[in-house]
Participant: 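The structure under discussion is supplied below as structure tokens; questions concerning it will follow.
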Amino acid sequence: MEYVFSDRMKNMGGNAIREIFKLLSRPDMISFAGGFPSAKLLPREEVAEIASYLLHLDRAEEFLQYGATEGYMPLRCRIAQFVSRYGITGVGVDNVRIVSGGQQTIDLMCKCFVNDGDIVLVEDPTYLAAMHIMRTYRGVPVGVKSGADGLDLTDLEEKIVKFKPKMLYCVPTFSNPTGKTYSLEVRKGIADITAKYGVMVLEDDPYSEIRFEGERVPSVKSFDKCGNVVFTASFSKTVSPGLRVAYCVGDERVMAKLTIGKQASDVHTSMLSQAIVEEYLARGLFDKVVARAIPVYREQKQAMYSAIQRYMPQEFTCTNPEGGLFIWGGFENLDTQAAFAGACERGVAYVSGESFFADGLDKRHLRLNYSAAGPDKIEKGIKILADYFKELLK
Ligand SMILES: Cc1ncc(COP(=O)(O)O)c(C=O)c1O
């Protein structure tokens, strides 16, 4: 059988990270390649108890039945209040939708706004799976420069004028892959500039709860005056990615359109998962699970950053994030993509940087995740990598 795939899919490669996971089967491999929350932090007992409680309620059938595409109403009501922690106020249930992971918001936004050949601006570098989604809708990601404070507003405005993009996608807090956080001024600037030119913004925030240093910064959405910003956040990195529960908040008309897109995708997010997350929040367990996670990630980030300072060659520079799950580093003249296979042979994996750039050309960077391994393994892995990079630089 010769399969004739759609034009949309025939030239699409797999998501680079998903491909790397296939290489990581060696049991002794130290992987800095993932982006999973730490397995030991997943709240097994709490979720088991809540699931059992829910399934013994008189109305338990509701959780095993089809549900509304918009989401489980008690959870939508709760989220309308919950988002005030990101400075987002005046939210009603019609502004809230529950989705199957933040990934689905990206997918639905592209489905609803991106036509063939439309430009979508992204921070360079950005979350590679978001670009993968844009490309499946035949959108074209174009990179906007980024500095220590986040997106470069001058470059953003120039690119908006030049490319007339449909949308800007950004991860302003503890970005994947860099761990960077945009300043307050940059957030206000993004809201102002995109409103001026009528460009949609998708603000993706899976990581801001994992803050182990510094103060919270209000979301871009909190500065939205004309309804062009959609904010999405997820319970994946805090409660459990396996439950696949996330939400988005935005103008009612946009939410209504996303709902039509979701009807055609998965009808609705698992009712049982939504009810578990709602009960988890109702019992006040969310802040507790986050409070348990923060010292663990702080220690692991510190172990990685210290080991980098101690062992990596002088030429290596990297971010020192205040939260999230990633350190981003690189060299002036070492090809991290070419070095990847050798690193795996030595038992350490990372993600080389090129797939996080819109043009895929930068081969000098790498992303290091610190949530999977404990401090001792992290130190060991960074030392192995550092020795290997020193050899390559000779
Ligand atoms: C920036 C960013 N957005 C979205 C996601 C998707 O998360 P989920 O679909 O599990 O909510 C991830 C996961 O790694 C991410 O890093």
Side-chain angles (χ1 to χ4, degrees), residues 15-21 31-39 41-42 71 75 79 86 97-111 120 122-134 136 141 146 150-151 167-182 201-211 219-221 230-249 258 262 265-266 269-270 273-274 276-277 280 286 293 297 319 321 323-328 351 353 355-358 367-372:
N15 166 331
I17 295 184
R18 297 266 143 206
E19 296 300 315
I20 287 173
F21 282 124
S31 175
F32 301 138
F36 291 12
S38 169
L41 292 169
L42 297 173
L75 182 57
I79 297 298
Y86 308 117
R97 291 295 185 275
I98 309 301
V99 285
S100 304
Q103 192 83 355
Q104 189 171 50
T105 309
I106 309 172
D107 185 81
L108 295 175
M109 284 293 285
C110 290
K111 191 185 238 186
V120 182
V122 297
E123 180 180 3
D124 239 352
T126 197
Y127 177 45
L128 65 87
M131 292 195 285
H132 190 240
I133 295 171
M134 290 163 203
T136 55
S146 172
L151 218 57
M167 186 162 83
L168 165 69
Y169 167 80
C170 56
V171 188
T173 309
F174 312 139
S175 130
N176 177 0
T178 67
K180 279 197 301 200
T181 291
Y182 299 3
V201 178
L202 174 54
E203 177 178 19
D204 186 9
D205 185 15
Y207 298 109
S208 70
E209 293 298 330
I210 307 172
R211 175 178 280 283
S219 59
V220 174
K221 175 73 185 158
V230 170
F231 175 89
T232 189
S234 168
F235 293 99
S236 286
K237 310 294 173 172
T238 47
V239 183
S240 152
L243 291 175
R244 307 306 300 135
V245 177
Y247 60 88
C248 55
V249 174
L258 297 193
K262 184 170 162 69
S265 294
D266 63 353
T269 297
S270 153
S273 287
Q274 293 187 74
I276 289 171
V277 169
Y280 203 84
F286 180 77
Y297 292 139
T319 55
L325 302 182
F326 307 106
I327 287 179
W328 173 254
V351 185
S355 3
F356 299 98
F357 288 89
R367 190 192 75 175
L368 297 167
N369 161 261
Y370 46 79
S371 58

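Start at 1 and go down the list; that is how both ligands and their atoms are numbered.
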Participant: Do Glu123 and Ser146 meet the criterion of a side-chain donor-acceptor pair at a distance under 3.5 Å?
Facilitator: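 The criterion, which ignores hydrogens and geometry beyond distance, is satisfied for Ser146 and Glu123.
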Participant: State the CG-CG distance between Leu128 and Asn176, to the nearest 0.5 angstrom.
Facilitator: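 So the CG of Leu128 and the CG of Asn176 are separated by 7.0 Å.
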Participant: Angle class for the Phe235/Phe286 ring planes (parallel below 30°, perpendicular above 60°, tilted otherwise)?
Facilitator: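 Rings of Phe235 and Phe286: perpendicular, over 60°.
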Participant: Could you walk me through whether Glu209 and Tyr86 satisfy the side chain to side chain donor-acceptor pair (under 3.5 Å) test, starting with their C-alpha distance in whole Å, then the side-chain angles of each, then the deciding distance to 0.1 Å, before giving a yes or no?
Facilitator: CA-CA 10 Å; Glu209 293 298 330; Tyr86 308 117; 2.6 Å; yes
Participant: Identify the closest protein heavy atom to atom 13 (C) of ligand 1: which residue and atom is it, and at what distance?
Facilitator: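 Here the nearest protein heavy atom works out to Lys237 NZ, 3.3 Å.
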Participant: Going by heavy atoms, is Gln104 under 4.0 Å from ligand 1?
Facilitator: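 No heavy atom of Gln104 comes that close to ligand 1.
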Participant: Is Phe235 near ligand 1, meaning one of its heavy atoms is under 4.0 Å from it?
Facilitator: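 So Phe235 does not count as touching ligand 1.
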Participant: What is the nearest protein non-hydrogen atom to atom 6 (C) of ligand 1, stated with its residue, atom name and distance?
Facilitator: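 The closest heavy atom on the protein side is Gln103 OE1, 3.5 Å.
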Participant: For Asn176 and ligand 1, does the shortest N/O to N/O distance drop below 3.5 Å?
Facilitator: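 The answer is yes, given that Asn176 and ligand 1 share an N or O pair closer than 3.5 Å.
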Participant: Looking only at distances, please establish whether an N/O atom of ligand 1 is found under 3.5 Å from an N/O atom of Gly102.
Facilitator: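 Checking ligand 1 against Gly102, an N or O pair does fall under 3.5 Å apart.
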Participant: If you measure from each heavy atom of Pro206 to ligand 1, is any distance below 4.0 Å?
Facilitator: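 Within the 4.0 Å threshold, so yes.
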Participant: Atom OG of Ser371 and atom NZ of Lys237: how far apart are they, to the nearest 0.5 Å?
Facilitator: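 Atom-to-atom, Ser371:OG and Lys237:NZ are 7.5 Å apart.
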Participant: Look at the rings of Tyr207 and Phe326 and say which category their plane angle falls in: under 30° parallel, 30 to 60° tilted, over 60° perpendicular.
Facilitator: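 Correct class here is perpendicular.
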Participant: List every atom of ligand 1 that sits less than 4.0 Å from any heavy atom of Ser234, numbering the atoms from 1 in the order shown and giving each element.
Facilitator: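 Checking each atom against Ser234, I get 8 (P), 11 (O).
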Participant: Could you tell me, atom by atom, which parts of ligand 1 come under 4.0 Å of a heavy atom of Gly101?
Facilitator: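 Checking each atom against Gly101, I get 8 (P), 9 (O), 11 (O).
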Participant: If you apply the rule side chain to side chain donor-acceptor pair (under 3.5 Å), what do you find for Thr181 with Thr173, and how did you get there?
Facilitator: CA-CA 4 Å; Thr181 291; Thr173 309; 5.2 Å; no
Participant: Determine whether Thr269 and Lys262 make a side-chain contact, defined as any pair of heavy atoms from C-beta on separated by less than 4.5 Å.
Facilitator: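 The answer is yes; the side chains approach within 4.5 Å.
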Participant: Tell me the protein heavy atom at minimum distance from atom 16 (O) of ligand 1, and give that distance in Å.
Facilitator: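 For this ligand atom, the closest protein heavy atom is Tyr207 OH, 2.5 Å.
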Participant: Indicate, as side chain, backbone, both or neither, the part of Ser236 found under 4.0 angstrom from ligand 1 when only non-hydrogen atoms are considered.
Facilitator: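 Looking at Ser236 and ligand 1, just side chain atoms fall under 4.0 Å.
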Participant: List ligand 1 atoms under 4.0 Å from Arg244, heavy atoms only on the residue side.
Facilitator: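 Those atoms are 8 (P), 9 (O), 10 (O).
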Participant: Closest non-hydrogen protein atom to atom 5 (C) of ligand 1, residue and atom name please, with distance?
Facilitator: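 Of every protein heavy atom, Tyr127 OH, 3.4 Å lies nearest to atom 5 (C) of ligand 1.
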Participant: At what distance is the nearest protein heavy atom to atom 3 (N) of ligand 1, and which residue and atom is it?
Facilitator: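 That would be Asp204 OD2, 2.5 Å.
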Participant: Return the orientation label for the Phe357 and Trp328 ring planes: parallel under 30°, perpendicular over 60°, tilted otherwise.
Facilitator: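 It falls in the tilted class, 30° to 60°.
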